[in-house]
Peer 1: 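Below is a structure I'd like to ask you about.
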Protein chains: 2
Amino acid sequence: MDSKSAHTKAKVLETALGMFRSKGFAKTTMRAIAAEAGISLGSAYYYYASKDELVLELYRESVAEQRAAASTGMRGSSGLGDRIKLAMHAGIDALTPYHGFGGTFISSALPPQSAVNPFGEASAEVRENAIGIFREAVEGAKIPAFLRAQLPELLWLAYMGVVLFWVYDHSANQRRTRTLIDGAAPLIAKLVSFSRLPVVKPLVEEALALKTKVQA
Amino acid sequence: MDSKSAHTKAKVLETALGMFRSKGFAKTTMRAIAAEAGISLGSAYYYYASKDELVLELYRESVAEQRAAASTGMRGSSGLGDRIKLAMHAGIDALTPYHGFGGTFISSALPPQSAVNPFGEASAEVRENAIGIFREAVEGAKIPAFLRAQLPELLWLAYMGVVLFWVYDHSANQRRTRTLIDGAAPLIAKLVSFSRLPVVKPLVEEALALKTKVQA
DNA sequence: CACATCTTTTGAACATGTTCAAATAAGGTC
DNA sequence: GACCTTATTTGAACATGTTCAAAAGATGTG
């Protein structure tokens with residue numbers, strides 16, 4: 001029966017994510033997950049080949065949550081700056097339950113060979129979804145043609161920087177990260193709008209060309 | 001005898017760094033280090049409380065090497081773009097022997113509670129030294145006054161981004177990273193020089209203000 | 001020298017992520 | 001139903017970073 005297997009797999013995931021939220025990543029051992037799910041350690045590994053794969057699901061869910069919240073919020077505001085703000089705040093909102101363990105998460109999320117690393121093969125689908133959020137943010141606004149195609153990915157990259165900042169942010173409720181978003185979003189919007197001007201345009205074009213060149 | 005103890009400690013470090021270079025971070029186990037150094041596992045831990053502390057020394061040495069090479073090189077060139085290029089290339093040069101294991105290194109280098117994390121308390125001294133490289137790079141050039149103080153740290157931050165890019169760079173000899181540096185350095189220099197212009201100046205000022213605000 | 005204190009060394013022990021061969025259950029075929 | 005194949009489960013085993021209490025050595029004091 002396929003559904004039996006699927007059910008067990010779902011239970012492992014559910015248990016794991018719940019424990020990640022309540023105990024943190026490091027303290028949630030594979031043995032504890034298996035015990036809580038009522039199966040053996042080996043069985044847990046039968047469904048998820050590594051602890052990283054479980055984290056990938058976490059990443060997937062948080063992006064989905066971010067996207068839903070951002071989409072809803074964007075129906076209300078039309079300025080590029082505000083839409084970027086919304087997208088980024090929604091992301092941090094979705095991650096907030098994990099901030100206490102953010103450090104332990106990132107240590108498993110950044111190594112290139114990890115399934116969770118946001119730039120890697122395994123997370124391609126999730127990354128696409130995340131970039132899509134910024135594609136939505138850009139859609140409503142007037143963007144110079146030469147920037148339009150690349151902008152969503154650039155915004156996602158900037159957002160990755162924000163997340164890194166957030167991981168290290170020990171201020172109460174990560175207020176500094178919120179301040180960063182509130183300040184950076186309008187600045188980015190301004191830069192985009194200025195990118196039409198004769199002084200700025202060549203600079204931006206050069207940067208875009210470099211990005212393309214370096215991605216090959 | 002103090003020097004006996006110091007000698008043992010030095011031997012552990014020397015052995016560890018050598019093995020990091022030849023075997024990589026993951027494959028260099030604490031047991032292997034101890035064995036190679038001719039002491040017991042417990043003794044190794046007596047001198048270095050964790051594997052991370054060994055990596056911190058690696059970080060320290062690589063920055064020292066980077067600084068030496070950059071300083072020497074900068075005597076020849078005076079343009080800001082060229083000096084930034086030199087500083088960054090020197091850094092990547094120093095890191096190159098570890099690229100094969102870059103991934104494993106970064107996984108231990110980024111968690112906030114790690115001794116190695118470049119933004120943390122434990123690595124403050126090394127970070128200061130690293131920022132100093134960019135302070136040198138800036139010293140020779142004409143920089144707008146309102147930018148002068150903050151620029152070195154900003155350049156270091158940009159360099160951290162380059163290092164992250166390098167970690168994921170699988171092109172032959174990390175050519176893409178070199179291309180990135182060669183393209184980004186003149187661009188940064190141009191941006192700095194343009195920051196005097198009436199259109200660009202308020203943008204840059206706003207960004208600097210945000211940085212200050214967010215650091216508090 | 002005898003003793004006390006501090007430094008260094010040791011090896012066993014622990015927890016954890018991961019692997020694996022073997023056992024068991026399920027499903028399909030004759 | 002008997003048999004074969006595939007899916008699932010299990011528990012033991014392994015490697016590794018780290019901890020720790022106890023032993024051994026060094027140093028200073030009377």
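The chains referred to below are lettered A, B, ... by the order of the sequence lines, with proteins before strands, and numbering in each begins at 1. All values below were derived from every heavy atom in this structure, side-chain atoms included, with hydrogens, water molecules and symmetry-related copies excluded.
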Peer 1: Parallel, tilted or perpendicular, judged at 30° and 60°: which one describes the rings of A:H170 and A:H99?
Peer 2: perpendicular
Peer 1: Take the protein atom OH of B:Y48 and the nucleotide atom P of C:dT8, then report the distance between them rounded to whole Å.
Peer 2: 13 Å
Peer 1: Rounding to an integer number of Å, can you tell me how far A:Y45 OH sits from C:dT18 P?
Peer 2: 4 Å
Peer 1: Report the residue (A:T28 or A:G42) whose heavy-atom-nearest nucleotide on DNA chain C is the more 5′ of the two.
Peer 2: A:T28
Peer 1: Within the structure shown, what part of the strands sits under 4.0 Å from B:L41 by heavy-atom distance: base, sugar-phosphate, or nothing?
Peer 2: base
Peer 1: Specify the separation, in whole Å, of atom CZ of A:F25 and atom P of C:dG17.
Peer 2: 8 Å
Peer 1: Looking at the side chain of B:K51, which of D:dT18, D:dT9, C:dT16 is the nearest nucleotide?
Peer 2: D:dT18
Peer 1: Have a look at B:S43 and say if it touches a base, only the backbone sugar-phosphate, or nothing, with a 4.0 Å heavy-atom cut-off.
Peer 2: base
Peer 1: Where do B:I33 and B:V12 come nearest, in terms of heavy atoms and distance?
Peer 2: CG2-O, 4.1 Å
Peer 1: Counting the benzene-type ring for Trp, do A:Y159 and A:F134 have ring centres under 6.0 Å apart?
Peer 2: yes
Peer 1: Once you round it to whole Å, what is the distance between C1' of D:dG11 and CZ of A:R31?
Peer 2: 11 Å
Peer 1: So, is the end of the A:K51 side chain (NZ or CZ) under 6.0 Å from the ring centre of A:Y45 and within 45° of the ring's axis?
Peer 2: no
Peer 1: Contact class for A:Y47 (heavy atom, under 4.0 Å): base, sugar-phosphate, or nothing?
Peer 2: sugar-phosphate
Peer 1: Measure the distance from CD1 on B:I39 to P on D:dG25 and round it to the nearest whole Å.
Peer 2: 17 Å
Peer 1: Would you kindly give the NZ-to-P distance between A:K23 and C:dT16, to the nearest whole Å?
Peer 2: 13 Å
Peer 1: Atom CE of B:M30 to atom P of D:dT19: distance rounded to whole Å?
Peer 2: 10 Å
Peer 1: Shortest non-hydrogen contact from B:R148 to B:P152?
Peer 2: O-CD, 3.3 Å
Peer 1: Figure out the CD1/C1' separation between B:I33 and D:dT18, and round it to whole Å.
Peer 2: 13 Å
Peer 1: Considering every strand and a 4.0 Å limit on heavy-atom distances, what is the contact class for B:S40: base, sugar-phosphate, or nothing?
Peer 2: base
Peer 1: Which residue lies toward the 5' end of DNA chain D, A:A44 or B:D52, if each is placed at its nearest nucleotide?
Peer 2: A:A44
Peer 1: OP1 or OP2 of C:dT9 versus the side-chain N and O atoms of B:Y46: is any pair under 4.0 Å?
Peer 2: no
